[in-house]
Engineer: 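The structure follows.
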Amino acid sequence: MTQQGEEDDMVYEVHEIVVQKLGHVPILKGDFHYLPKHVQKFVAFYAQKCTPRAIYICDGSHEEAEEITHKLIERGTLTKLKKYENCYICRTDPADVARVEARTWIATDDKYETVPHVRQGVKGILGQWKETNEMKKEVDELFSGCMAGRTMYVIPFSMGPVGGPLSKIGVQLTDSNYVLLCMRIMTRVSHDIWSVLGNNEFVKCLHTMGCPRPVQRKVINHWPCNPEKIIITHFPNERLICSFGSGYGGNSLLGKKCFALRIASVIARDEGWLAEHMLIMGLTNTKTGKETFIAAAFPSACGKTNLAMIKPTIPGYEIRVVGKYFIETLFTYNKHMGITSWLGKRWKRDSPTPAAHPNSRFCAPASQCPIIHPKWEDAEGVPISAIIFGGRRPTGVPLVFETFSWDHGVMVGACVKSESTAAAEFKGKKIMHDPMAMRPFMGYNFGKYLQHWLDMDQPGRKLPKIFHVNWFRVDENGKFLWPGFGDNIRVLDWIIRRCEGDKSIAVESPIGYLPKKGSINLDGLGEINWDELFSLPKHYWEDDTRESRRFLEDQVGCDVPQIIWDHLKSQEQKIQAMK
Ligand code: TSX
């Protein structure tokens, strides 16, 4: 990439003869002159670098979506599914089915802006850093000519309602029209973005499948990609994201993990708010009409989607979801005909291989979610009363506890861990750290991120209460102690009553406030072993606290804010004093 000054001096002319042209690249759709000047510069710069054969400026309209859908069907990338209206399956190259953490970087000049001081000899798990110029050089080489023979789509998008005071604008350049279709489902793509943006800052997103024409690699399932060369890289101080080689959602729909989590966490740091990996739900008390909003952050495989879609087993609450993306695959199965698997083969119940790839997704508009909150598009947002952290913790950790304070809650969030089978490098199950459920999505030094959370606590601010839940505790026979699912409403009900200030339903313990025996509604549940569900085995907590301390020392070192150490020390002493 060229130096800043050169970019400013770069010459680009738009010729209006028959079609508009940028240099000699035809603009198939849209009026280049209409784009704000700094967007024109961005597009021109990367058009020159990536050398697409044409440029297509998207407007987010239905006609545009229909045109692109039609093209993708003709090419064979999309296949119409007959069962539902306007529903398509897209099979990727089987080699392009996951985010690639080992190929994900954040580039800054100062290493410790991005990653904490890790103990010598320990591999950091809270992000990968590369020096800015080194990364720029790599990107420069990789992206040169990467869109040859393909169309560069210019996608203006808004994260949040267009023009809303909390919304942020991005512009994604991509050579994948599949990515365009998904971006217009998951974000707001619209011509109006240009006038709302004006001269203001936008997040620059550059994406390529990394498969210029003539193709060098065999294309499978009409899904050109370049899995061997994938990189996902972020330049947070330039608000720039560059993604090469993959069309998988987390790698290619740059509004999602790259912008809304990694870059946004940096913007939030700079602007004084929190950008987090959480779902938001609203629970309305059907007697009083009062609504409480709760945010929850869990590592994967804890049932975050199930919680957002909860069907309460006790009366008293109406539940609606304000924000959450949905990621399961749906199948309808006909016993006689079987189905077609993700690899395009016939599949029946006794087939030895799975029908769906475990990481497969569906992408559907939030407006079609049956329990979407009417306020999901409110520009002002919703007031959060409680933040819930959680994990899959088979032993030792009670069903629910409330933290002592905001600071203490930040410590509990920093120590979130969960049983995981997801990581291929581990055989069997292992409890893995996923602090704040943000481990793969940290945009800057995790110690500084903790300090930023602590800094939220300012006089005159009413902060949410912070809780920790564990639906997954088992008895000595491995049987779940809590029925979970729709019965979790009983825990949420206790949390709401705590938020309303009911002091009579909690007792203090070394790790936080536990529900007083009988204070959670267990009507109709049959036998629940309350004592076991809420017990705090001394040895377990000694080990667990020691392990958490070790984790923070190893991974965050001198960047851990002192107050976090103070809370950990206090917890150690209280556990020590237990009988
Ligand atoms: O999502 C889950 N939740 C949250 C629901 C709102 N799961 C599934 C996790 C995989 C993503 C759960 N699994 C939950 C839970 O609360 N609890 C459990 C464990 C469990 C599994 C089966 C039973 C009970 C608990 N069934 C019987 O005991 C009959």
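Just so you know, ligand 1 is whichever comes first in the structure, and atom 1 is the first atom listed for that ligand.
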Engineer: Answer yes or no: is there a side-chain heavy-atom contact under 4.5 Å between Thr353 and Trp342?
Structural biologist: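 SC-SC contact between Thr353 and Trp342 ruled out.
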Engineer: Can you confirm whether something in the protein, heavy atoms only, sits under 4.0 Å from atom 26 (N) of ligand 1?
Structural biologist: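 Given the 4.0 Å cut-off, atom 26 (N) of ligand 1 does not count as touching protein heavy atoms.
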Engineer: For atom 14 (C) of ligand 1, is the nearest protein heavy atom closer than 4.0 Å?
Structural biologist: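 Given the 4.0 Å limit, the answer for atom 14 (C) of ligand 1 is yes, a protein heavy atom qualifies.
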Engineer: Pull out every atom of ligand 1 sitting under 4.0 Å from any heavy atom of Gly484, numbered as shown with elements.
Structural biologist: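 The list of qualifying atoms is 16 (O).
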Engineer: Could you point out which residue of Asn285, Asp493, Thr292 forms a side-chain hydrogen bond (donor to acceptor under 3.5 Å, both in side chains) with Tyr317?
Structural biologist: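 Option passing the side-chain hydrogen bond (donor to acceptor under 3.5 Å, both in side chains) with Tyr317: Asp493.
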Engineer: Relative to the ring of Phe401, is the ring of His468 parallel (under 30°), tilted (30 to 60°) or perpendicular (over 60°)?
Structural biologist: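 His468 and Phe401: parallel rings.
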Engineer: For Phe404, does the six-membered ring have the charged nitrogen or CZ of Lys574 within the cation-pi criterion, i.e. under 6.0 angstrom from the centroid and within 45° of the normal?
Structural biologist: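 Geometry flag: set, cation within 6.0 Å and 45°.
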Engineer: To the nearest 0.1 Å, how far is atom 8 (C) of ligand 1 from its closest protein heavy atom, and which atom is that?
Structural biologist: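 The closest one turns out to be Phe485 CZ, 3.6 Å.
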Engineer: Within 45 degrees of the ring normal and closer than 6.0 Å to the centroid, is that where the cationic atom of Arg498 sits relative to Phe467?
Structural biologist: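 Checked: cation-pi criterion not met.
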Engineer: For the rings on Trp406 and Trp453, is their centre-to-centre separation under 6.0 Å?
Structural biologist: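 They qualify: ring centres under 6.0 Å apart.
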Engineer: Looking just at side-chain N and O atoms, do Asp487 and Thr313 make a donor-acceptor pair shorter than 3.5 Å?
Structural biologist: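 Note: Asp487 and Thr313 side chains meet the donor-acceptor criterion.
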Engineer: Once you restrict to heavy atoms under 4.0 Å, what part of Phe480 touches ligand 1? Side chain, backbone, both or neither.
Structural biologist: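 For Phe480, the contact with ligand 1 is made by the side chain alone.
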Engineer: Looking only at protein heavy atoms, identify the closest one to atom 4 (C) of ligand 1 and say how far it is in Å.
Structural biologist: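 Minimum-distance protein heavy atom for atom 4 (C) of ligand 1 reads Asn488 ND2, 3.4 Å.
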Engineer: Protein non-hydrogen atoms only, distance under 4.0 Å: does atom 17 (N) of ligand 1 have such a neighbour?
Structural biologist: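 Looking at atom 17 (N) of ligand 1, one finds that a protein heavy atom does lie closer than 4.0 Å.
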Engineer: Assess whether side chain to side chain contact (heavy atoms under 4.5 Å, CB included) is satisfied between Thr286 and Thr284, documenting all intermediate values.
Structural biologist: CA-CA 6 Å; Thr286 49; Thr284 305; 5.7 Å; no
Engineer: For Tyr248, which residues count as a ring pair (Phe, Tyr, Trp, His ring centres under 6.0 Å) partner, sequence neighbours excluded?
Structural biologist: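 Counting only residues at least two positions away or on another chain, Tyr248 forms no ring pair (Phe, Tyr, Trp, His ring centres under 6.0 Å).
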Engineer: Considering distance alone, does some N or O of Asn306 sit under 3.5 Å from an N or O of ligand 1?
Structural biologist: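 By distance alone, the answer is yes.
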Engineer: Among all the protein's non-hydrogen atoms, which is closest to atom 24 (C) of ligand 1, and how far away is it?
Structural biologist: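 Result for atom 24 (C) of ligand 1: Pro483 O, 3.5 Å.
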Engineer: Heavy atom under 4.0 Å from ligand 1: found in Lys311's side chain, backbone, both, or neither?
Structural biologist: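 Contact part for Lys311 vs ligand 1: neither.
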Engineer: Tell me, please: is Leu307 in heavy-atom contact with ligand 1, that is, under 4.0 Å?
Structural biologist: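 Leu307: in contact with ligand 1 (<4.0 Å).
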Engineer: Looking only at protein heavy atoms, which one is nearest to atom 9 (C) of ligand 1, and how far off is it?
Structural biologist: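 Checked against all protein heavy atoms, atom 9 (C) of ligand 1 sits closest to Arg392 NH2, 3.5 Å.
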Engineer: Looking only at N/O atoms, are Trp482 and ligand 1 under 3.5 Å apart anywhere?
Structural biologist: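 The answer is no, given that Trp482 and ligand 1 share no N or O pair closer than 3.5 Å.
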